[in-house]
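Throughout, a chain's letter reflects where its sequence line sits, starting with A, and its residues are numbered from 1.
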There are 2 protein chains.
Amino acid sequence: MPDGPDVKALAQRAKAAAGVELGFTPLYLQVRQKMLDKIIAGTWPPGTALPSEQQLALQMGVSQGTLRKALDALAADRVIVRHQGRGTFVAEHDQRRTLFQFFKIASDEDGRLSPETLFCQVVERNGSAEERAKLAISGRKVWHIHRHRALKGRVVLVEDIVVDHARFPLLDTKVPLPNNIYELYERQFGVTVAKAGERLKAVSADDQQAALLGCEEGSPLLLIERTAQALDGTPIEFRLTRCLTEGFHYSSDLK
Amino acid sequence: MPDGPDVKALAQRAKAAAGVELGFTPLYLQVRQKMLDKIIAGTWPPGTALPSEQQLALQMGVSQGTLRKALDALAADRVIVRHQGRGTFVAEHDQRRTLFQFFKIASDEDGRLSPETLFCQVVERNGSAEERAKLAISGRKVWHIHRHRALKGRVVLVEDIVVDHARFPLLDTKVPLPNNIYELYERQFGVTVAKAGERLKAVSADDQQAALLGCEEGSPLLLIERTAQALDGTPIEFRLTRCLTEGFHYSSDLK
DNA sequence: AAGTGGTCTAGACCACTTA
DNA sequence: AAGTGGTCTAGACCACTTA
């Protein structure tokens, strides 16, 4: 004889009563949100090993299957990383992640490479209306980071990065910034970049850019406008990258 | 008392004995491959409604849960599309899919739009060594499709598409080609484009391109090199798109 | 009302890692 | 040997669509 016919329906209603309900939110998505909230709140900082699935299922009062669906969803968004036999961990901005998730420039012949930072400057200034809108901030001040980056020994990237001054106190004292800037955001400021959207255009190099990149004025450059967001969707960073695409390209998979 | 302790282990070994085994392939991936094979073979053409999960599970001799994991994997790769309450269908190249999966150009102000084809020419010619290598073909001949496409009434895209002559017999008799060329591949030639990789660069417009796009010679253009693949990974199409990015951009999500 | 995919449970066992 | 995530089953019920 099967036991209680509507255990999960009761659980569903119990969870639903507590949260905002529009129509129907499955249990596993409610669990996913609860776990995401803990990660956002810093209860489980990046790199932390989560409790085992069995323990989490007990804590949350759901079956292991439901708990796994929640973890699967978080893993699909790269919020957590799972290793069979080892455990489940909050995702970190190590070099590998930066290279594969956030760096899309590759050599035509040699594929993906890590860029080397040859110059880096941090300036405090007032943000333009556009910048403050993109960062959704009410304060006036922003940090402006300017970098020159090289691949295969040649400067091919010029970056202009703008972030909220208030969110990154004393950023200028961290100079020279490490090559991996998202690791800095994460470790020094508790800010996790979770995803980004990019808009690509072709533009002409002005005299300054031409001098930096060692090309002629008016040469075509790939312009990449990136808006990066935190785990909760808050915009964190606005970045313009100008890229010389002779021997290099931006790689995009359509699937 | 729980019944047979190793039902699935037996099933696993039975399946394993039949197929190529390197280490360990889970049942659900074996089921996924079997279903993919049927789709590739044309047993289930695009648009077909698959049997219900219950029926498929019975046919394959696995539980509904395992069958669902196989379908989930196929749905993640957009090979099939599922609709709660309606059924599961083999994915089709309708306008929506083309717009969201394979067309990444959007208006800076108005977002995603469908391009309009203003000019389209199909020519038969010998493929270059590079083209034949990219298409992995041994024959000499290719079709070269040249199109001019407009967004918001302005020509901003010039496309040069190269496909295997042998795979698309009498393609020139289909002129004028429909706006959605992947739908043509699918319906007229039984060729399904499943995924594509793109390489983006910034280049200068030559005199012809400048004339077509209504810009000055030397203007920066976004060059998109696409290689599109069939369900089994075979390269199907090599495509060069040159794009005027004034008021438009290429959109890419990093996650 | 019947059929479909979607969720959830409880429990067994496997593959893999670490000690 | 013990612990972790990964697979698989059998079965119940829910949300949604169509007739």
Side-chain angles (χ1 to χ4, degrees), chain A residues 1-16 21-33 35 48-58 60-76 80-91, chain B residues 1-16 21-33 35 48-58 60-76 80-91:
Chain A
M1 169 185 177
D3 60 30
D6 50 3
V7 174
K8 57 127 191 8
L10 288 174
Q12 165 68 30
R13 275 170 221 136
K15 309 274 173 181
E21 275 303 284
L22 283 180
F24 166 71
T25 306
L27 242 188
Y28 78 93
L29 287 180
Q30 298 174 39
V31 172
R32 188 203 107 103
Q33 191 58 49
M35 305 216 11
T48 307
L50 297 186
S52 74
E53 295 182 355
Q54 291 291 356
Q55 291 173 45
L56 284 170
L58 269 173
M60 302 277 183
V62 300
S63 72
Q64 194 198 350
T66 298
L67 192 278
R68 272 190 69 77
K69 282 196 76 164
L71 292 184
D72 285 345
L74 291 170
I80 61 174
V81 176
R82 320 175 83 184
H83 299 287
Q84 186 175 8
R86 293 212 287 129
T88 302
F89 304 82
V90 180
Chain B
M1 167 181 177
D3 59 31
D6 50 4
V7 173
K8 57 129 188 11
L10 288 174
Q12 165 69 28
R13 275 171 220 134
K15 309 272 175 183
E21 274 303 285
L22 284 180
F24 167 73
T25 306
L27 242 187
Y28 78 92
L29 287 180
Q30 298 174 40
V31 171
R32 188 203 106 103
Q33 190 59 49
M35 305 216 12
T48 308
L50 297 186
S52 73
E53 295 182 355
Q54 291 290 356
Q55 290 172 45
L56 283 171
L58 269 174
M60 301 278 182
V62 299
S63 73
Q64 194 198 351
T66 297
L67 192 277
R68 273 189 68 77
K69 282 197 76 165
L71 292 183
D72 285 345
L74 290 170
I80 60 174
V81 176
R82 319 174 84 184
H83 299 287
Q84 186 175 9
R86 293 212 290 128
T88 301
F89 303 83
V90 180

Item to check | Option among B:Arg32, B:Gln54, B:Met35 that satisfies the side-chain contact (heavy atoms from CB on, under 4.5 Å) test with B:Leu67 | outcome: B:Met35
Item to check | Reference residue A:Leu29; test side-chain contact (heavy atoms from CB on, under 4.5 Å); the match among A:Thr25, A:Leu27, A:Val31 | outcome: A:Thr25
Output the rounded distance in Å from [atom1] ([X]) to [atom2] ([N]).
{"X": "A:Leu29", "N": "C:dG6", "atom1": "CG", "atom2": "P", "answer": "13 Å"}
{"X": "A:Ile80", "N": "D:dG6", "atom1": "CD1", "atom2": "C1'", "answer": "14 Å"}
{"X": "A:Tyr28", "N": "C:dT9", "atom1": "OH", "atom2": "P", "answer": "13 Å"}
{"X": "A:Gln54", "N": "D:dA2", "atom1": "CD", "atom2": "P", "answer": "17 Å"}
{"X": "B:Leu58", "N": "C:dT4", "atom1": "CG", "atom2": "P", "answer": "12 Å"}
{"X": "A:Glu53", "N": "C:dA10", "atom1": "CD", "atom2": "C1'", "answer": "15 Å"}
{"X": "B:Phe89", "N": "C:dG3", "atom1": "CZ", "atom2": "P", "answer": "16 Å"}
{"X": "B:Leu67", "N": "C:dG5", "atom1": "CG", "atom2": "P", "answer": "9 Å"}

Item to check | 5′-ward residue of the pair A:Gly65/B:His83 relative to DNA chain C | outcome: B:His83
Residue-phosphate contact under 4.0 Å: [X] side-chain N/O, [N] OP1/OP2:
{"X": "B:Lys69", "N": "D:dT7", "answer": "yes"}
{"X": "A:Thr66", "N": "C:dT9", "answer": "yes"}
{"X": "A:Arg82", "N": "D:dT4", "answer": "no"}

Next on the checklist: Please give the stem ranges for DNA chain C, sorted by first residue number, where a stem is three or more consecutive Watson-Crick or G-U pairs and both donor-acceptor distances are under 3.5 Å.
Outcome noted: C:1-18 with D:1-18
Any idea which of [options] is nearest the [X] side chain?
{"X": "B:Val62", "options": "C:dT9, D:dT9, D:dG5", "answer": "D:dT9"}
{"X": "A:Gln55", "options": "C:dG6, D:dT9, D:dT4", "answer": "D:dT4"}
{"X": "B:Ser63", "options": "D:dT9, C:dG6, C:dT9", "answer": "D:dT9"}
{"X": "B:Arg68", "options": "C:dC8, C:dG6, D:dT9", "answer": "C:dG6"}
{"X": "B:Gln64", "options": "C:dA10, C:dT4, D:dA12", "answer": "D:dA12"}
{"X": "A:Thr88", "options": "D:dT9, D:dG5, C:dG5", "answer": "D:dG5"}

Item to check | Counterpart residues, side-chain hydrogen bond (donor to acceptor under 3.5 Å, both in side chains), relative to B:Thr88 (two or more places apart) | outcome: none
Item to check | Counterpart residues, side-chain hydrogen bond (donor to acceptor under 3.5 Å, both in side chains), relative to B:Gln84 (two or more places apart) | outcome: none
Tell me, please, which residues at least two apart from [X] pass side-chain contact (heavy atoms from CB on, under 4.5 Å).
{"X": "A:Leu58", "value": "none"}
{"X": "A:Ala91", "value": "A:Val81, A:Arg97"}
{"X": "A:Thr48", "value": "A:Trp44, A:Pro45, A:Val90"}

Taking N or O atoms only and anything under 3.5 Å, show me the protein contacts with nucleotides 15-19 of chain D, one pair per line.
residue, atom, partner, partner atom, Å
D:dA15, N3, B:Gln84, NE2, 3.0

Checklist outcome for this item: Hits for salt bridge (Lys or Arg N to Asp or Glu O under 4.0 Å) against A:Arg82, two or more places apart or cross-chain, chain-then-number order -> A:Glu53, A:Asp72
Checklist entry - For the residue pair B:Ala70 and B:Tyr28, what are the closest heavy atoms and their distance? => result CB-O, 3.4 Å
